[in-house]
Amino acid sequence: MKIISKEDFSSFVNALIQDDGLDVEGVKAKGNKFVFGPLDSAGELRLDYDVTILPPKKYFLPQYETMMHFDISTGTVTAPPITNKKVIIGIHPYDLAAIQQMDKYFFDTHVDDIYLQKRKNSILVGIVPVNASETAFYGDLAKASGGPADIAFDLMLTDLGNNYAVLPGSQIGAELLAKANVRDAQPQEMEAVKGAQLHAMDKASRGLKVGPKGWHALLTRNYDSGIWSEQAEKCLSCGSCTLVCPTCFCYDVTDELNLDLTSGVRQRTWDGCLLRDFTKVAPGEVFREDIKDRYRHRFNRKGKYLPDALGFVACVGCGRCSSQCVPDIADPLNLFNMLSESTTESVPDADVQHVPEKHDLAQTIGADLYVPRPATLRRVVKLTEKETLFEIALDDGQPLGHQPGQFVEVSIMGVGEAPISVSSAPGGNTFQIVVRNIGDVTSALHAKKEGDKIGIRGPFGNGFDTAVLKGKNLLFIGGGLGIVPMRSLINYVLDNRQDFGKVMILYGCKDPTELLFNEEVKKWEARDDVIMHKTVDTCAEGETWDGQIGVITTIMPLVTFDPMNTYAIVVGPPIMYRFVNRDLLSMGMPEQNIIVSLERRMKCGVGKCGHCQINGIYVCKEGPVFNYKDVKEHPEAFS
Amino acid sequence: MSDKPRVAFFDFSSCEGCQLQVINLEEALLDVLALVDIVEFREAMKESSEEYDIAIIEGSITRPMDVERIKKIRERASILIAMGACAYLGGIQRMGNKWTPEENKEEVYARHPGSETTKGDDNPFFEQPRHRAVDEIVKVDAVIPGCPIDSDEFAKVLVALLTGKKLPIPDYPVCVECKKNENICQFEIGGFCMGPVARAGCGAPCPTHGGECEACRGYVDHPHSQAHDEVLKKYGLTAEQIMNRKTMYTYRYIEEARGE
Ligand SMILES: Cc1cc2nc3c(=O)[nH]c(=O)nc-3n(C[C@H](O)[C@H](O)[C@H](O)COP(=O)(O)OP(=O)(O)OC[C@H]3O[C@@H](n4cnc5c(N)ncnc54)[C@H](O)[C@@H]3O)c2cc1C
Ligand code: SF4
Ligand code: SF4
Ligand code: SF4
Ligand code: SF4
Ligand code: SF4
Ligand code: FES
């Protein structure tokens, strides 16, 4: 540990500011509040601040962030220019802890290279808080977790009156400090630093009754509690609590096309689960329509979902949400205290940490996660009024390499991206998708013709586990567009017919004009090793139809099977699952023999943007194919 | 004559501030002119035309003669856009709907010194019936909210229309953009803000420059107005003051709720 006088610290900061290769950011006053912002001189620094309006997450996931530039006329996509290295001065430990959580989140499974670049490009200078805001409770969290967390920083400051104590936390920090006029700390100064840390904890303690490890149990017990709707009645659905939170990472993606109609940017911008349109999908359905559901989701995400998925509690006790919530219902401390009062049983600890382990940035490598691969439409076949089949080849000549049930993100620069299931069986140098014309991306795709270029990301998600299905009887139940992803598995099974038992296909759609894959369906019907039944909800006068009439459940009794040795693959609109699964269960089929594929709003496809969550699971990453037994544990799955 | 879409601007009861915002596009205006032909635009040029593809309407529909005029415009336009709070909501002038036309006439033309002689009884231009938004009279294909509109949003709407995309008008509240701008919340400094129910897209300029949001862009599709009223009450507004807040730009919703 080193000691630097405040005067010398100012000179040190001013020298950094003079360095053209560095952008120096720090905590400054804004009215009677504080913000992180660019420093013109060390004199602007307000290291005695209590909390900033926005957390430093804005440096790594900016409010509006250009992901790529595009030019439609040339088909080029270019990365935004790399910015200067940033030194960020004055980050409180709770915000550093949040950055560590952010690292874990953005590097899990798929490394977010845009985030990584910004993280690698920044030097973090922390400070032990001198003051705490009225709503902060990081002291409570630290106490409940047995002391301050082990957090990453490059330099950590402690205000000792005339001096700062400075602790380097990395090679970069030590190198930076080498430029400053410092001396070694005396033992009593090291004691003073410990004292300052304890003092900071005390100042931010408000009496949390159940520590963060207990939140999991509180939330599980109280999922249906009346507290949620009571509180949500006051909620403005304004999103502030999520936007200002250092551990909320959800974002939306939009394409901004310039007035020349050829150039523009694809950008991401903060989104939040308290906003109504967060879960809105193309036909207009909103999965969390009730404010209560959105309000409850936020707390569950902090105390239960992210702990389950990534092992940390996604709240660092900064108190921003409660200070920014005008009706004052966003405070986690209040909410968890309320929940703990509602229960007399003791609360068991979940196996979670407050802060995940430090991330080794140098060892983390990322490659274009969001840049689509150029691809060409090889064949365009109109199937119905609204649905068209597109056969696609990747321009690099590689096969897509997908599993049945996986999806791709179809990208049209200047319009956006849409998740679309791969409809063809694995193999071959092209793949097929079938798309309903329903919104911006899908209609732009429909305007394209053979030979036109599009972009593809993926394949993503978990497909059907063909190993589990081997040797079993298979009952396919598809409703409407559900036949599209199902077809990739049906054709895979028919390509490897000898590996499977009985194959039964039940296919239902609204009316005969909406039937997809007419020719293929006829072939399936003609095969003597496939049992096929089709039905329509209604058939207009004069329409020819050689199948059944009635909803899909009416044709289920037409097939007989041994429920123990049969797997049902069910894919269709949300409403269909409730009825079909109910009937399958009553026929004696075990829950784990039912496989479903679920749909939610998606933007990123890689587990980052947050839109596709069903309670704590990410459909894009853990689905879209799920085992019914597992997924039914999540109340939002079929609600 | 080119084959670019022909755009005509028409003004009704308004301050013409929105048309000024279009001219304020400055350099971008040239880009706009590369995409469309402007055939009628009193603010910027004199030429008039009877043929157009896109009619952009500014102002509220107020007098019987306006109703006739807007219907004629609608007949000649394939796309009709309501531009600005006047056209979209009825404008600030809609507050006048709180009183009867007679009361308004009396207040405006009779009670002020010097205007006693011009009660306006026989002059059709002085008729003071109801202020209506354009879509209450004819079908509207697109709206550009705001008082005045935001130049950039005007450009974005045009791009969306020309490329066949949904309008880029958000359905989340102004608080979202306000928070992204890292503002001190008005409620923390003694202000009363409509931001939590107002439709974003403006970039929250009012709270960003230290003022309250007056919801000049109208409400989001599902405003939680009751909760918002509670907040205004909690922060010290009386029921009457709350009502006044809600009549500035958004009297339309009150009239609609009453079934007027
Ligand atoms: C795993 C998965 C597989 C799918 N497979 C198919 C398929 O094979 N064929 C097909 O026609 N449709 C499929 N869909 C639905 C398809 O993604 C939407 O219809 C499409 O995103 C609508 O985009 P849009 O831009 O045309 O509509 P807009 O209304 O303009 O939507 C804007 C954006 O919101 C998101 N979004 C909107 N609706 C949905 C939705 N239903 N699901 C997910 N994100 C949505 C997308 O990011 C979209 O770009 C699938 C959805 C998922 C989640
Ligand atoms: S939930 Fe609230 S207190 Fe916890 S980290 Fe987020 S903003 Fe801070
Ligand atoms: S909890 Fe508060 S901050 Fe969050 S959306 Fe509701 S009103 Fe807004
Ligand atoms: S909306 Fe506002 S700026 Fe536009 S015309 Fe009406 S009063 Fe003027
Ligand atoms: S100032 Fe207004 S718009 Fe901004 S956060 Fe506060 S209430 Fe919302
Ligand atoms: S902040 Fe409110 S009043 Fe200001 S422009 Fe936006 S909607 Fe209108
Ligand atoms: S997290 Fe972005 S789509 Fe799943």
Side-chain angles (χ1 to χ4, degrees), chain A residues 30-37 52-54 58 62-64 72 232-244 252 254-261 264 269-272 274-278 280 282 286 289 291 320 323-329 414-416 439-441 443-444 447, chain B residues 25 27-36 152 154-156 158-160 162-168 170-189 192-193 195-198 200 203 210 220-235:
Chain A
K30 173 170 184 171
N32 60 350
K33 306 269 166 185
F34 300 95
V35 295
F36 281 95
T52 52
I53 302 176
L54 289 181
K58 68 178 182 180
Q63 293 93 315
Y64 303 92
I72 306 170
E233 217 156 89
K234 300 179 217 152
C235 176
L236 302 164
S237 198
C238 71
S240 296
C241 50
T242 57
L243 298 164
V244 301
D252 194 10
T254 56
D255 281 18
E256 306 294 333
L257 186 61
N258 295 332
L259 274 169
D260 59 15
L261 303 188
T269 182
W270 294 355
D271 204 344
L274 265 294
L275 301 171
R276 179 175 177 274
D277 56 1
F278 188 72
K280 190 171 175 185
V286 174
E289 178 68 83
I291 299 188
R320 287 185 179 94
S323 71
Q324 295 305 304
C325 174
V326 220
D328 195 13
I329 49 165
V415 186
D440 283 350
V441 176
S443 69
Chain B
L25 275 165
E27 271 163 51
L29 189 57
L30 295 177
D31 296 327
V32 169
L33 291 174
L35 299 174
V36 297
D152 288 342
F154 175 84
K156 279 192 190 178
L158 204 60
V159 167
L162 294 174
T163 53
K165 284 196 287 181
K166 279 197 304 287
L167 296 187
D171 185 24
Y172 47 74
V174 168
C175 292
V176 171
E177 292 174 336
C178 184
K179 284 270 118 53
K180 289 179 188 175
N181 291 351
E182 203 160 5
N183 296 326
I184 300 174
C185 180
Q186 284 296 312
F187 284 103
E188 285 190 274
I189 47 175
F192 299 92
C193 193
V197 287
V220 290
D221 284 351
H222 298 258
H224 211 184
S225 292
Q226 221 177 327
H228 185 239
D229 288 355
E230 288 301 317
V231 163
L232 294 174
K233 206 171 6 169
K234 183 177 112 182
Y235 280 82

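In the text below, chain A, chain B and the rest are named by the order of the sequence lines, each starting its count at 1.
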Spacing of [atom1] belonging to [X] relative to [atom2] belonging to [Y], to within rounding of 0.5 Å:
{"X": "B:E27", "Y": "A:L259", "atom1": "CD", "atom2": "CG", "answer": "12.0 Å"}
{"X": "A:T242", "Y": "A:L274", "atom1": "OG1", "atom2": "CG", "answer": "5.5 Å"}
{"X": "B:Q186", "Y": "B:F192", "atom1": "CD", "atom2": "CZ", "answer": "10.5 Å"}

Item to check | Polar side-chain atom of A:D260 near backbone of B:D31 as donor-acceptor pair, under 3.5 Å | outcome: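 No, A:D260 side chain to B:D31 backbone: no donor-acceptor pair under 3.5 Å.
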
Part of [X] lying under 4.5 Å from any heavy atom of chain A:
{"X": "B:A28", "result": "both"}
{"X": "B:H222", "result": "side chain"}
{"X": "B:E188", "result": "side chain"}
{"X": "B:V176", "result": "both"}

Side chain, backbone, both or neither: which part of [X] has a heavy atom under 4.5 Å from chain B?
{"X": "A:S237", "value": "backbone"}
{"X": "A:L275", "value": "side chain"}
{"X": "A:V441", "value": "neither"}
{"X": "A:F278", "value": "neither"}
{"X": "A:L257", "value": "both"}

Please examine the side chains of [Y] and [X], heavy atoms only from C-beta on, and report whether any two atoms are closer than 4.5 Å.
{"X": "A:R320", "Y": "A:T52", "value": "yes"}
{"X": "B:I184", "Y": "A:N32", "value": "yes"}
{"X": "B:V159", "Y": "A:L261", "value": "yes"}

Checklist entry - Given the options B:A227, B:S225, B:C193, B:C175, which has more heavy-atom pairs under 4.5 Å with chain A than any of the others? => result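 Of the options given, most contacts go to B:A227.
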
Checklist entry - Using a cut-off of under 4.5 Å for heavy-atom pairs, which of B:K166, B:K165, B:K179, B:E182 has the most such pairs with chain A? => result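 Among the listed options, the one with the most contacts to chain A is B:E182.
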
Next on the checklist: One thing to verify: whether B:E177 and B:K180 come together as a salt bridge, which I'm taking to mean a side-chain N less than 4.0 angstrom from a carboxylate O.
Outcome noted: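 The answer is no: the pair does not qualify as a salt bridge.
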
Checklist entry - Among A:E233, A:Q324, A:K234, which has the most heavy-atom pairs under 4.5 Å with chain B? => result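 Heavy-atom pair counts peak at A:Q324.
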
